[in-house]
Amino acid sequence: MNILITGGTGLIGKALVKSLSGEHRLTVVTRDITKAKETLDSLSQNSPVSFIDSIDAIDDMARFHAIINLAGEPIADKRWTTSQKKRICNSRWDTTAQLVAKINSASSPPRVFLSGSAIGVYGDKGSQAVTEETPPHSEFTHELCAKWEAIANTVDGHNTRVCTLRTGVVLAKNGGALAKMALPFKLGVGGKLGHGKQFLSWIHIDDMVKAIRFLLDNDNCRGAFNMTAPEPVTNSHFSHTLAGNLSRPCLFTVPSIVMKIAMGESSTMILNGQNVIPAKLTAAGFTFDYPTLNDALSNIYRTE
């Protein structure tokens with residue numbers, strides 16, 4: 001297949017390029033082609049990646065069989081000021097709208113459009129088990145993701161199959177949230193956050209890529225999919241399992257007020273948590289290589 005990818009230099013994008021490049025022709029949309037080439041050329045497997053600097057540079061989407069849209073400003077890297085919220089939203093909404101317009105005007109539209117989303121679409125659901133059918137709680141992350149998905153779903157579904165990827169915390173050795181979460185433990189001062197009873201819904205990077213490939217190839221899959229492992233855990237469980245895999249203690253508690261002062265409104269993502277189940281992926285026949293947290297962390301840290 002000839003596949004167009006946005007967000008190809010991000011954590012998921014890099015792993016996906018590495019996985020797909022040996023079998024498919026990839027084109028990555030990036031503002032900085034020189035930097036992207038430095039990042040991705042070493043990952044591509046015997047098949048060089050092509051680059052374009054904007055979606056507008058595409059005259060006709062007919063040459064692409066599939067579009068994978070992973071672009072977006074990192075959501076948790078900065079405090080949620082009014083201007084940062086706008087950047088977070090527009091980086092997702094605008095890119096997706098541009099892709100949709102190109103797809104719908106194509107002389108021969110792509111067969112499939114996989115577009116990013118996040119489990120934030122559900123908002124704060126406490127400890128309630130959440131599937132793709134669970135009604136959301138309205139807050140910033142819900143408003144962000146709901147509109148993001150709504151834009152993606154304006155693609156003409158008669159011509160192009162659409163899946164939205166409601167992604168949890170992606171665990172990978174190099175980069176992403178895990179590196180930040182592991183640092184206090186490596187320094188010997190790690191512990192649970194707040195009361196520790198809030199759920200964390202996670203997925204190993206290899207299973208994330210495997211699930212994207214599954215949705216890419218499975219013509220029966222449409223709509224929203226929770227991209228999370230089947231066994232979400234509490235923050236306390238996560239902290240102790242991470243400490244064990246790093247051979248470090250888990251002795252401390254970071255009070256909720258400290259997180260709120262440090263992160264502002266965005267701390268709600270960590271302090272509230274979500275208990276998300278990949279019901280549709282499992283029903284479609286997808287199998288996880290790392291279904292439990294200890295499986296995932298043991299694989300990530302086995303060389304340390």
Side-chain angles (χ1 to χ4, degrees), residues 7-19 39 43 70 72-78 88 116-120 141 165-194 196-212 226-254 258-259 262-263 266-278 288-304:
T9 58
L11 179 70
I12 299 170
K14 287 187 291 187
L16 189 63
V17 166
K18 182 177 181 179
S19 176
T39 301
L43 300 177
L70 303 174
E73 174 87 4
I75 194 168
D77 283 8
K78 299 177 182 177
I88 289 169
S117 183
I119 59 174
T141 57
L165 316 176
R166 294 178 174 175
T167 306
V169 175
V170 179
L171 303 182
K173 185 171 184 178
N174 298 311
L178 184 60
K180 297 176 183 177
M181 298 163 82
L183 181 59
F185 291 91
K186 291 181 177 181
L187 297 175
V189 294
K192 63 184 174 69
L193 304 177
K197 297 178 182 178
Q198 69 275 29
F199 275 85
L200 186 145
S201 297
W202 57 275
I203 186 169
H204 189 291
I205 184 65
D206 290 352
D207 277 333
M208 182 69 195
V209 170
K210 183 181 176 183
I212 291 174
N226 291 337
M227 309 292 274
T228 58
E231 296 189 20
V233 297
T234 64
N235 176 265
S236 178
H237 181 100
F238 182 89
S239 299
H240 281 90
T241 305
L242 177 58
N245 276 275
L246 292 171
S247 300
R248 297 291 193 276
C250 182
L251 303 174
F252 300 91
T253 296
V254 180
V258 173
M259 300 301 298
M263 299 179 64
S266 64
S267 66
T268 57
M269 293 191 301
I270 295 173
L271 296 176
N272 295 343
Q274 291 165 316
N275 182 11
V276 179
I277 308 298
F288 289 82
D289 291 335
Y290 305 100
T292 73
L293 180 64
N294 194 58
D295 289 336
L297 293 180
S298 294
N299 169 264
I300 290 169
Y301 291 118
R302 66 187 174 191
T303 59
E304 294 199 353

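Just so it is clear, the model here is predicted, and its values are computed rather than measured.
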Set of residues satisfying salt bridge (charged side-chain N to carboxylate O under 4.0 Å, His left out) with respect to Lys180, sequence neighbours excluded: Asp77

Strictly distance-based, threshold 3.5 Å: is any side-chain N or O of Gln274 a donor or acceptor partner for the main-chain N or O of Gly168? no

Interatomic spacing from CD1 in Ile212 to OG1 in Thr167 - rounded to 0.5 Å: 7.0 Å

Carefully, step by step, assess Ser239 and Phe185 under the rule side-chain contact (heavy atoms from CB on, under 4.5 Å). CA-CA 9 Å; Ser239 299; Phe185 291 91; 3.8 Å; yes

Donor-acceptor contact below 3.5 Å, side chain Asn226 vs main chain Ile277: yes

Grab the two heavy atoms, one from Trp202 and one from Ala296, that are nearest each other, plus how far apart they are. CZ3-CB, 3.6 Å

Closest non-hydrogen contact found for Pro291 with Ala229 is O-CB, 4.1 Å

What is the minimum heavy-atom distance between Leu242 and Met181, and which atoms define it? CD2-O, 3.8 Å

From Met227 atom CE to Ile119 atom CD1, the distance as rounded to the nearest 0.5 Å: 12.5 Å

Taken in chain and number order and not counting sequence neighbours, the residues that satisfy ring pair (Phe, Tyr, Trp, His ring centres under 6.0 Å) with Phe199 are none

Does the side-chain contact (heavy atoms from CB on, under 4.5 Å) test come out yes or no for His204 and Asp295, once each step is laid out? CA-CA 9 Å; His204 189 291; Asp295 289 336; over 6 Å; no

Going by side-chain contact (heavy atoms from CB on, under 4.5 Å), name the residues that satisfy it together with Ala172, two or more places apart in sequence or in a different chain. Leu11, Ile205

For Gly194 versus Thr253, what's the shortest heavy-atom pair and its separation? O-CG2, 3.3 Å

Nearest heavy-atom neighbours spanning Pro249 and Gly188: CG-O, 4.1 Å

Contacts of Phe288 meeting ring pair (Phe, Tyr, Trp, His ring centres under 6.0 Å) (sequence neighbours excluded), chain-then-number -> Phe286

Just verifying a value: how many Å separate Leu43 CG and Leu16 CG, rounded to the nearest 0.5 Å? 11.0 Å

Taking side-chain contact (heavy atoms from CB on, under 4.5 Å) as the definition, give me every residue that meets it alongside Thr241, ordered by chain and number, with sequence neighbours left out. His237, Asn245, Leu293, Asn294, Leu297

Going by heavy atoms in the side chains, are Gln198 and Leu193 under 4.5 Å from each other? yes

Minimum heavy-atom separation for Thr234 to Gly196, with atom names? CB-O, 3.4 Å

Could you tell me which residues satisfy salt bridge (charged side-chain N to carboxylate O under 4.0 Å, His left out) with Asp289, sequence neighbours excluded, listed by chain and number? Lys210

